[in-house]
Structure formats: structure tokens, C-alpha cells
Amino acid sequence: MHRWSKLFVPTLREAPADAEVASHKFLLRAGYIRQLGAGIYNYLFLGQRSLNKIIAIVREEMDTIGQEFYLPAILPREPWEQSGRWTGMGDNMFRLKDRKGADLCLGMTHEEIMTTIARSELRSYKQLPQIWYQIQTKFRDEPRPKSGLLRVRQFTMKDSYSFDIDKAGLDKSFELHDGIYRRIFSRCGLKFVAVEADSGAMGGSQSQEFMVYTDAGEDLIASCPVCGYAANLEKATSRLEAVAEMEPTGDGKPELVHTPGKGAIADVAEFFKISAAQDIKCVAYMALKRGAAGKPDTWHGVAAFLRGDHQVNETKLLGVVGGAELRTMQAAELEQYLKGPAGFLGPVGLVHDTKPLEDGLTVVVDKSLEGRKNLVAGANKLDYHFRNVTPGRDFTWTVSADIRSVNEGEGCPRIEATGSGCVGKLVVGKAVEIGHIFKLGYKYSESMGARVLDPNGKEVTPIMGSYGIGIERILTAAIEQSNDQHGFWLTGAIAPFAVVVTVTNIGDAVLRETGEKLAAELEAAGLDVLLDDRDERAGVKFKDADLIGIPYRINVGKKAAGGQVELVTRATASSVDVALNEVVAQVKARTQEDARHSF
RNA sequence: CGGGGAGUGGCUCAGCCUGGUAGAGCACCUGGUUCGGGACCAGGGGGUCGGAGGUUCGAAUCCUCUCUCCCCGACCA
């Protein structure tokens, strides 16, 4: 039993001015954390206690499918050199030198290190599959830490790695993680969704993120309320309504039209009396291509064409061209690659490479332009556009692919088994990522030389999966989804305490002894109990209790003489009088009920 | 890295424009009265005004440089 009068729980009446999102404010006000630097936090008693409970759940569940390791956080350069990520990680990697001048870094993820273990120890298919995990502190030099514990430079992650002999094995490891992650997040009381995600720079095939909807989140999720389709906006697709085409004018060939000052899409549409969907938008980028081992990185011109009313999805575009970074072209580069000024760029007459990111220009056309006719496009000449532009006939491309972001209200892309499409309309919402599972493939096992013998005595490369859970983000997301003006509430499984016993007047010996006895009984019943025995006014104790996330409160006050106490449920702020000799059983029952409801 | 904002007691902020003995509320300590939704009265402690340099008889205030933090964007295995 913990007595509040002896604890360090520095609650704040007001939130520090630089706290913006709800979880940040409440973590500070409730005395869970204190900031030390940008994206660097001290975890105080309540915060650490809650995180420890989350970790215990993660560990208990993970132990059913994997084995816990503990790898170093400070890592030598060599493994990163071998995987190509010493340079690939860029400035996000914290780097340091030891006294001999050797390069080291602080671990931001551990694919390389796990793979070195696999490489030196695994010899036979008989040793597979393996699932190895750890709960470790990670370091990432984020360009912009923010939102309290949501985006930080030091954080705790459960990361696991699977090694399988073949794709079927990887599928199995992936499914195991999917199932166990759902159990973990449910036990933590989170309302989450699993979404299709981009596999990004990590390479690999299938990728799934676990997200919690909240306006504090940094990701956008498109989902279908009808069939349950859900995907990160970086990955989401949609079914588009057909667009009415314009009738050709003149001889139907591209026709140069003087459009003075009409550089913006809206102006062009207005000028031609067309919808933006009938205009072709051009966004010109320079894409960074990582050099092969020992070769320098290089920049290449990329022109992206899509419907005037669509937005480029840079993640998709990067994936299509195989680049590492994008930035928009400068005026001089526009002149060099497209021979035209911004606002009047178009695909007609462009000379492009046949493969992405070679010496000339890479032209990428969004799928939605294919099959369209008689569109309007810039003429790569100041104050001129073409009309009657038909993709395929009047211009070609290096690659045609989905490079756009879906918009809310567009049709769900899912096709039913019957062959008919889902009739739902997509909705887009903000969310925070709490977990990510994906199939890495052979990227690390191959580059780092991990090999085992298969049943035929043939040397094969194990296939890998990588799976992460952000521990602090579970806490943050839980607070984001359950808070009000007074504070927040966590489910008993991850709250620092399952119940707080508030003795309204500690100066009253009878109340004090009643509270002590009750707290002892609650503890004997297996509940984590906090006894508020502070010499404070009742109002102060109520306010504090409402603030710090504990799901149940028992008030030991006036009615205690008559054998009654109040049981207050934080989530609903509802209060019931309960007989003193029944309250332990009630709290116990409710806590167990909450845990069951999680599934 | 681009744009914006802020550094004054533990917290929230005023004072700065127009230079002249550093303030308020909350928190903290002592005494008293209170005691079921962040009490009241009286007394008290605590701040090199982020740092460095400059202007001036005199700088929290004006000038230069610098550090840090927050927000928007870029970025985000």
C-alpha cells in the first residue's frame, strides 16, 4: 500500500505554457513526467509506475510467442555499415566517438544487431523459426520533437524480429504478432485500428500499423465505415468517379492557347470553363538517389503529373521512383528539366528517361490520367497552355502509378468476392501509431550474410520480420482517448494504481483508521491501492484524484460512521454509496469486468 | 532546415514600447481560524530578469551576438 502523504506526486494546478496536446498537459499536471530538454523527459513515480505496468503486459504477451533479449543501446558502426544504414539513417541517428576515435551510435532500431546474432549463431533450418524481442530505450535525433511523449528523442520500444526459413514461415510469424498485438492493446484499454501501411525505406512487403484515432496524431488514416477497410494515407487507394470529358476543339490535336497570368489551377479551370479534374497538374521534384556502396548520393529531376484536383502523395512517389528524399525544384532546375516556368508546366513534348532516376528527367503519371482525353495542360512556356491533350497519344511517361493521396468522400477501393465494389465512402481521420508489424524480407539477412542450411543441405537466407510497439505511446494514446477538463482515466491494468482511497478528513481518527483498514483489505484482494492520507482539504484530494488517471476512487467520509462509503467511477464521474464491508468485492469485480471488456 | 513565438521566484504571467530601488496570483514556511470539490486572515522566505558583449551616470527595458524551449511546415525504421 502506498500512502500519498509519503509520495512525490507533484500535481500542477495549471499546465506549463508550452504544453499543447491533452496528454502532454495532463502528464505534466498529474506529475507523471517532467521535461529535461527538447524531446527528453524525466519519468517520475506515477509515470514510471504506469509504464512498468504496460511493459509487464507487453512482456507477458510477448513471452507466449518469443524470447526476450536485451541488446545494447550503444552500438558500433560496423553492422550499420554492412546494411548500408550508417549513411542511410542520416541525421536522425545520434552518433558519437569513443576515446580511440571509433564511431559509435545510439540505437534507433535493432535489425542489424539481431541479424548479427542470427548470422553468427543460426546454422540450420532446424533452429528456425525464431522470434527474438527486447524492451529497450531507443534514440532518434528527431528534427522536431513535440507533443509531450508523442514524438521524442529518447523512448522505450518493444521491438521483435522473426527469422524464418521461408515466406510461409514469415506469414506465420507475422500473424502471431498481429494476434498478440491486438491482445496487448486491448488489455491496455485502447480503442485501436489496424491499417495497411507503407513499408517505406525499410523495404519489405506487407506492413501493418496499429493506430489510435486522436487529433494529436500525426498520421492520417483513410477508412471505410461499410466494410472496415483502413489504410494509412501513405498507402490508401480509392475508387474514383468517372469524369466527364471535354469535346475536342479544332482538329482535336493539342492546341496552343494564350493564357496570360493563369498559372494557378483554379485560374486555368476558370479560363477554360472546365473543372480542375480536366486539368493536368505538374509538380516538379528533385529526388535523391542513394549511391551504391562507396558512391555518393545523387539528385535527379522528377516531374509528377496528376489531375488538377488531386494532391501528390510524396511517400507513394518516392516508392515509385525508388528515391530516398524529395524536394521541390528551384526555378533554374525547372528551366533545365522542363524548359518552362512554374504554373505553365506540362507533359507535352518532354523528353524522359525510360527508367527512374537516370541522367535525364523521370516523368511519373498518376494512374487516374490513363484513358482520359482532351485535357488541359501547361505548355512549358510562359502564359501558354495546351488543350486537347490526351495521355498516351500526346505524351508518354517513364512510369505510370498511383502517386496521389485519397480524399475523404471518395469510394472505398475494396472489391467484394462477388466482384462488385464496396459502396462505402472513405473517411479520413488523424491517428497516432502505437505499433507496427511488417515483413522485412531478405534485406538484412542478405546484406549482412545470415545463412542456414535447408533440409537438402543447401544454403539459404532466412527471411525476416520486424515488429515494434511504442511503450510511451500506449500511455499517451490512452490519455488522449480518455480525458476531460479535470484530468484523465486509465484502465486499471495500466493505471499507476487501480483504486485510490480518499480519507476526506485525516484529522478524524475514525475516518483515518477506516481508510487504513479498507486500503489494507483492497491490497489483500490483489488490487494496487493508493491511500490518500494527506492532511489536505477534501476538495484538494478530489481534484488530485480526478487528475491522475486512477479509474476508481473510494471516499471515506461522513457516511463511514454509518458503514457506508462512496465508490466513484472516474470515467463516468458517477458515484454510488456502498456498504463498507462490500466495497472491496465491488471494486474487485468492476476491475475484472473492465479487463474482460477489453477483449 | 524555412516561417512564427517565448525565455522575469517552483507554476501562470505583468513590467520592456517611453532606461531610474523587480511585481501580482498560485505554490512554499510559521501562527490562527477552517475542514465534501483546488479555504481565509496575519506574518515570512525565495528571482545574478537565459547567457555574453556593448551604449549609458544608470539596463529586465536600448543595440549586437549567442543558447534554449514552443508552434506551423519540411522530416519521421
Side-chain angles (χ1 to χ4, degrees), chain A residues 10-21 24-25 28-29 31 34-40 80 83-85 88-93 105 107-114 138-148 150-153 155 157 159 161 197-204 207 209 217-219 232 234 285 288 314-315 318 324-328 432-433 435-438 440 443-444 464 466-468 470 473 485-487 502-508 511 532 534-547 553 555-560 565-566 568 573 575:
Chain A
T11 57
L12 265 26
R13 187 182 293 225
E14 293 171 282
D18 48 12
E20 200 75 9
V21 302
H24 188 195
K25 283 182 191 161
L28 287 167
R29 285 192 54 202
R34 285 295 184 265
Q35 180 166 13
L36 185 60
I40 306 174
W80 297 88
S83 72
R85 289 208 292 185
M89 284 297 192
D91 290 335
N92 264 24
M93 181 183 265
C105 67
M108 46 199 297
T109 178
H110 284 76
E111 280 81 6
E112 281 82 354
I113 314 308
M114 283 291 186
K138 306 284 183 184
F139 300 88
R140 294 184 192 176
D141 194 0
E142 292 288 344
R144 190 181 157 207
K146 63 172 187 173
S147 306
L150 222 44
R151 179 157 296 280
V152 289
R153 296 196 289 176
F155 57 98
M157 176 179 265
D159 50 320
Y161 306 87
D198 179 62
S199 37
M202 294 286 292
S207 172
E209 290 168 340
E218 302 179 285
D219 286 280
N232 194 304
E234 296 175 347
Y285 291 98
L288 184 70
E314 298 187 356
T315 303
L318 267 183
E325 261 180 56
L326 284 180
R327 64 169 174 80
T328 50
V432 57
E433 178 185 351
H436 194 168
I437 59 178
F438 73 103
L440 273 180
K443 177 169 174 163
Y444 299 94
M464 292 175 61
S466 164
Y467 319 86
R473 280 191 173 186
Q485 56 177 319
H486 303 295
T502 302
V503 178
T504 58
N505 183 357
I506 205 69
D508 183 323
L511 294 188
D532 192 349
R534 291 175 298 168
D535 184 13
E536 288 285 353
R537 298 165 65 84
V540 171
K541 299 191 201 186
F542 294 160
K543 290 286 186 192
D544 273 344
D546 286 346
L547 176 61
R553 177 172 100 229
N555 291 337
V556 178
K558 290 172 188 162
K559 301 168 201 154
V565 292
E566 286 165 359
V568 182
S575 162

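Letters go in sequence order (proteins before strands), and every chain restarts at 1.
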## Note on the structure
Paired to B/G73 by Watson-Crick or G-U wobble criteria (both distances under 3.5 Å) is B/C1
### Summary
Taking a pair to mean Watson-Crick or G-U wobble geometry with both distances below 3.5 Å, B/C65 pairs with B/G51
### Message
Can you identify which nucleotide, out of B/G25, B/G36, B/C71, has its nearest atom closest to the A/N555 side chain?
### Response
B/G36
### Task
Might you work through the side-chain contact (heavy atoms from CB on, under 4.5 Å) test for A/R151 and A/R473, ending with a clear yes or no?
CA-CA 9 Å; A/R151 179 157 296 280; A/R473 280 191 173 186; 3.5 Å; yes
### Task
Using a 4.0 Å heavy-atom cut-off across all strands, classify A/S147 as base, sugar-phosphate, or nothing.
sugar-phosphate
### Query
Partner of B/G31 by Watson-Crick or G-U wobble geometry, both contacts under 3.5 Å, or none?
B/C41
### Task
Specify the separation, in whole Å, of atom CD1 of A/I40 and atom C1' of B/U68.
12 Å
### Query
Are side-chain N/O atoms of A/D532 and A/T502 paired as donor and acceptor at under 3.5 Å?
no
### Task
Measure distances between side-chain N and O atoms of A/R13 and base N and O atoms of B/C11, and say whether any donor-acceptor pair falls under 3.5 Å.
no
### Query
Which listed nucleotide (B/C76, B/C69, B/G38) is nearest to the side chain of A/T11?
B/G38
### Length of the CG-P vector between A/D532 and B/C35, whole Å
19 Å
### Task
Between B/C71, B/G36, B/C75, spot the one nearest the side chain of A/T504, thanks.
B/G36
### Query
Does any non-hydrogen side-chain atom of A/K558 lie less than 4.5 Å from one of A/T504?
no
### Query
Does the pair A/E142/A/R153 count as a salt bridge with the N-to-O cut at 4.0 Å?
no
### Task
For the side chain of A/D18, starting at C-beta, report the closest nucleotide among B/C70, B/C35, B/U12.
B/C70
### Check: A/E566 side chain, B/G36 base, donor-acceptor under 3.5 Å
yes
### Message
Please report the distance, rounded to the nearest Å, between NZ in A/K543 and C1' in B/G37.
### Response
5 Å
### Query
With distance as the sole criterion, do the side chain of A/D544 and the base of B/G38 form a donor-acceptor contact below 3.5 Å?
yes
### Message
Distance check needed: B/U68 C1' versus A/R153 CZ, whole Å only.
### Response
11 Å
### Task
Using a 4.0 Å heavy-atom cut-off across all strands, classify A/A15 as base, sugar-phosphate, or nothing.
sugar-phosphate
### Message
Measure CG/A/D546 against C1'/B/G37 and give the value in whole Å, please.
### Response
8 Å
## Note on the structure
Ranking B/A39, B/C75, B/C70 by distance to the side chain of A/V540, first place goes to B/A39
### Task
Name the residue closer to the 5' end of RNA chain B, choosing between A/A538 and A/D219 according to the nucleotide with the nearest heavy atom.
A/A538
### Message
Within the 4.0 Å heavy-atom criterion, would you say A/R29 contacts the bases, only the backbone, or no part of the nucleic acid?
### Response
base
### Task
Can you tell me the distance, in whole Å, between the NZ atom of A/K25 and the P atom of B/C11?
17 Å
### Query
Are A/K146 and A/E218 within salt-bridge range, i.e. N to O under 4.0 Å?
yes
### Message
Taking pairing as Watson-Crick or G-U wobble with both contacts under 3.5 Å, can you name the mate of B/A22, or confirm there isn't one?
### Response
none
### Per A/R537 side chain, nearest of listed nucleotides B/C76, B/C13, B/C35
B/C35
### Query
Of all the nucleotides listed (B/C76, B/G36, B/U12), which has the minimum atom distance to the side chain of A/N92?
B/C76
### Query
Which part of the nucleic acid, if any, lies within reach of A/K146 when heavy atoms closer than 4.0 Å are counted: base, sugar-phosphate only, or nothing?
sugar-phosphate
### Message
Please pick, from B/U12, B/G38, B/C76, the nucleotide with the shortest atom-to-atom distance to any side-chain atom of A/P16.
### Response
B/U12
### Query
To the nearest Å, how far apart are A/E218 CD and B/A74 P?
11 Å
### Message
Does A/R553 contact B/G36 through a side-chain donor or acceptor facing the base, at a distance under 3.5 Å?
### Response
no
#### Entry: Residue pair A/Y444 / A/R85, side-chain heavy-atom distance below 4.5 Å
yes
#### Entry: A/Q35 vs B/C70: side-chain N/O to OP1/OP2 distance below 4.0 Å
yes
### Query
Hey, are A/E566 and A/R553 close enough for a salt bridge, meaning a charged N less than 4.0 Å from a carboxylate O?
no
### Task
Confirm from the modelled atom types if A/R327 and B/G2 form a donor-acceptor pair under 3.5 Å, side chain to base only.
no
### Task
Would you kindly compare A/L326 and A/D535 by the position of their nearest RNA chain B nucleotide and give the one closer to the 5′ end?
A/D535
### Gap in Å between the two P atoms, one belonging to B/G50 and one to B/U12, rounded
14 Å
### Spacing of A/L28 atom CG relative to B/C69 atom P, expressed in whole Å
15 Å
